[in-house]
Student: 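Okay, handing you the structure first.
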Amino acid sequence: MDLMQKKTEMLSVTDEDLERAAQLIREGGLVAFPTETVYGLGASAMDPAAVSGIFTAKGRPGDNPLIVHIADVSQVYGLSEDITVPAQRLMEAFWPGPLTVVLPRKPGVPDVVTAGLDTVAVRMPDHPVALEVIRRAGVPVAAPSANSSGRPSPTSAAHVAEDLAGKIDAVVDGGPCRVGVESTVVDLTTEPPVILRPGGVTREELEGVLGHMETAASFTYGPVEAPRSPGMKYRHYSPKAEVVLVTGGQPERVTEKINELISRYHCRGKQTGVLAAAETAGRYRADAVFNLGSRGCPEEIARNLFNGLRSLDMQGVDIIISEGYAETGIGTAVMNRLRKAAGSIIEV
Ligand code: AMP
Ligand code: MG
């Protein structure tokens with residue numbers, strides 16, 4: 001038996017269970033809870049030993065900093081004393097919500113949270129369970145996604161259990177996540193601000209408040225030598241199966257190419273799964289097809305994306321082939337995650 005195994009408590013959203021979750025966090029434990037984006041793995045941000053436990057449980061590289069979650073805007077002043085007018089405007093417009101702001105950090109924020117950077121990433125989630133757990137814990141809560149590092153992010157308590165059962169103290173089951181992709185990360189320590197990671201708040205929404213924003217080089221794809229957001233240099237969101245992304249402006253050609261790939265993999269004795277939009281899901285001759293929802297509702301595609309990757313994995317396929325999506329609105333975040341998950345990208 002693995003001596004490191006913990007008993008992971010499965011908690012519900014009753015008053016008693018939320019109090020238990022908060023107590024575990026206050027006492028230095030690790031608790032996964034739902035947010036509107038994905039499930040987070042929380043520990044007291046002010047307790048370096050607890051925060052180290054997050055890195056161990058996830059197998060997360062120590063140079064990849066964590067987002068600190070708060071339940072009330074006033075808590076941001078405990079983490080940064082340098083909150084500019086643009087930062088205030090974004091916080092007012094999008095909090096609580098899927099926006100993380102990178103701010104100069106106060107010296108009191110532990111190094112292990114920020115991976116030694118002089119900045120700290122902060123977010124107020126828009127989920128009653130997350131807000132209640134953080135509020136009751138009475139401390140800011142450092143919380144990356146509650147998955148094993150490199151795997152698709154978890155959008156249900158079952159996904160968290162798949163990766164972390166036996167490694168963390170508790171999981172609060174609050175049902176599936178509404179947004180389904182992680183928060184947008186914006187660096188406000190520069191002028192103009194830079195979008196480091198596309199996510200639940202769209203570029204269009206951000207620019208509606210602050211005007212033009214820059215985009216980090218690694219935003220789309222490719223190895224990054226000196227990333228401003230350390231998370232951008234790691235392989236990410238990867239199921240066990242190899243992922244192939246097929247993109248192109250003409251849906252018929254994408255469908256044709258995917259069916260051609262399926263035949264080729266079948267010849268080699270490989271099982272295939274396709275991640276498809278509702279409009280084209282019926283056209284594939286794969287061993288498994290996961291319908292992500294209508295192209296007319298990109299929010300639905302985003303919500304189902306990580307579940308789709310994990311479900312096809314559970315069905316044991318060797319290769320997952322995904323269609324591409326238009327890179328506007330939340331489609332930008334969907335394509336960012338698919339590109340990072342993909343071992344190869346084919347443009348037709
Ligand atoms: P996760 O919590 O797993 O969704 O990942 C959090 C993301 O925020 C990662 O890409 C981190 O590298 C990024 N991040 C966290 N803190 C900072 C920071 N201080 N500066 C830049 N990026 C950050
Ligand atoms: Mg993550």
Side-chain angles (χ1 to χ4, degrees), residues 30 32-43 45 51 54-55 57-70 76 79-80 82-83 87 98-107 109-125 130 140-155 159-160 163-164 177 179-190 193-201 214-220 224 226-239 302 305-306 309-310 333 336-337 339-341:
L30 303 181
F33 55 82
T35 80
E36 81 281 28
T37 58
V38 303
Y39 273 68
L41 177 59
V51 174
I54 292 179
F55 287 87
K58 282 179 60 81
R60 185 176 175 106
D63 65 351
N64 191 5
L66 306 180
I67 296 171
V68 180
H69 290 67
I70 58 178
V76 79
L79 302 164
S80 177
D82 204 352
I83 301 179
L99 175 73
T100 295
V101 295
V102 173
L103 303 167
R105 75 149 157 163
K106 267 191 171 176
V109 181
D111 271 342
V112 61
V113 172
T114 67
L117 298 175
D118 53 9
T119 54
V120 60
V122 189
R123 168 167 119 83
M124 180 156 94
V141 173
S145 48
N147 53 319
S148 293
S149 200
R151 295 261 303 139
S153 296
T155 54
H159 295 165
V160 176
D163 284 14
L164 300 177
C177 300
V179 177
V181 292
E182 299 86 341
S183 60
T184 305
V185 181
V186 176
D187 185 351
L188 285 148
T189 64
T190 56
V194 182
I195 305 176
L196 298 179
R197 176 176 75 181
V201 172
E214 298 285 319
T215 294
S218 62
F219 193 90
T220 39
V224 191
R228 288 177 58 180
S229 192
M232 299 188 299
K233 76 180 180 212
Y234 295 107
R235 192 174 142 82
H236 244 112
Y237 316 117
S238 309
L305 178 67
F306 290 131
L309 287 168
R310 282 180 180 262
N336 170 270
R337 307 307 187 266
R339 284 204 172 90
K340 285 178 189 285

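Note that this is a predicted model, so its numbers are computed, not measured. Throughout, numbering of the chain's residues begins at 1 and tracks the sequence. Read the numbers this way: they start at 1 and go in the same order the structure lists the ligands and their atoms.
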Student: Please determine whether any non-hydrogen atom of Thr114 lies less than 4.0 Å from an atom of ligand 1.
Tutor: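 Outside the 4.0 Å threshold, so no.
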
Student: Where does His69 meet ligand 1, judged by heavy-atom distances below 4.0 Å: at the side chain, the backbone, both, or neither?
Tutor: neither

Student: Around the Mg ion (ligand 2), what protein N, O or S atoms are found below 2.8 Å?
Tutor: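 Only Ser145 OG fall inside 2.8 Å of the Mg ion (ligand 2).
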
Student: Between Asp82 and Ser80, is any side-chain donor less than 3.5 angstrom from a side-chain acceptor?
Tutor: no

Student: Does the side chain of Arg123 come under 3.5 Å of the side chain of Thr35 through a donor N or O and an acceptor N or O?
Tutor: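 The criterion, which ignores hydrogens and geometry beyond distance, is satisfied for Thr35 and Arg123.
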
Student: Look up atom CG in Leu99 and atom OG1 in Thr184, then write down how far apart they are to the nearest 0.5 Å.
Tutor: 6.5 Å

Student: Does the side chain of Glu182 come under 3.5 Å of the side chain of Ser145 through a donor N or O and an acceptor N or O?
Tutor: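 The answer is no; no qualifying pair exists.
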
Student: Any chance you could lay out the side chain to side chain contact (heavy atoms under 4.5 Å, CB included) test for Val186 and Val201, step after step, and finish with the verdict?
Tutor: CA-CA 10 Å; Val186 176; Val201 172; over 6 Å; no

Student: Donor-acceptor pair, Lys58 side chain versus Ala146 backbone, under 3.5 Å?
Tutor: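 Pair absent, no side-chain N/O of Lys58 close to backbone of Ala146.
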
Student: Going by side chain to side chain contact (heavy atoms under 4.5 Å, CB included), Val102 matches just one of Val122, Thr190, Thr119, Val194. Which one?
Tutor: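 For Val102, the side chain to side chain contact (heavy atoms under 4.5 Å, CB included) test succeeds with only one of Val122, Thr190, Thr119, Val194, which is Thr119.
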
Student: Find all atoms of ligand 1 within a distance of less than 4.0 Å from any non-hydrogen atom belonging to Thr119, and give their numbers and elements.
Tutor: 18 (C), 19 (N), 20 (N)

Student: I'd like to check which ligand 1 atoms, numbered from 1 as shown, lie under 4.0 Å from a non-hydrogen atom of Arg197.
Tutor: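 Per the distance check, 1 (P), 4 (O), 5 (O), 6 (C), 7 (C).
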
Student: Using a heavy-atom cut-off of under 4.0 Å, does the side chain or the backbone of Leu196 touch ligand 1, or both, or neither?
Tutor: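 The part of Leu196 near ligand 1 is the side chain, not the backbone.
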
Student: List ligand 1 atoms under 4.0 Å from Pro144, heavy atoms only on the residue side.
Tutor: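 By the 4.0 Å cutoff, the relevant atoms are 2 (O), 3 (O).
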
Student: Just to be sure I read this right, does ligand 1 sit under 4.0 Å from the backbone of Asn64, its side chain, both, or neither, counting only heavy atoms?
Tutor: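 Just the side chain.
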
Student: What distance separates Phe55 CZ from Asn64 CG, expressed to the nearest 0.5 Å?
Tutor: 7.0 Å

Student: Side chain or backbone of Leu117 under 4.0 Å from ligand 1, or both, or neither, by non-hydrogen atoms?
Tutor: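 Within the 4.0 Å criterion, Leu117 contacts ligand 1 through side-chain atoms alone.
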
Student: Tell me which part of Arg105 gets within contact of ligand 1: side chain, backbone, both or neither, using heavy atoms under 4.0 Å.
Tutor: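 Looking at Arg105 and ligand 1, no heavy atom falls under 4.0 Å.
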
Student: To the nearest 0.5 Å, what is the distance between OG on Ser153 and CZ on Arg310?
Tutor: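 Output value for this atom pair is 7.5 Å.
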
Student: Applying the side chain to side chain contact (heavy atoms under 4.5 Å, CB included) test to Pro98, which of Thr37, Val181, Val38 qualifies?
Tutor: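 When side chain to side chain contact (heavy atoms under 4.5 Å, CB included) is applied between Pro98 and each of Thr37, Val181, Val38, only Thr37 qualifies.
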
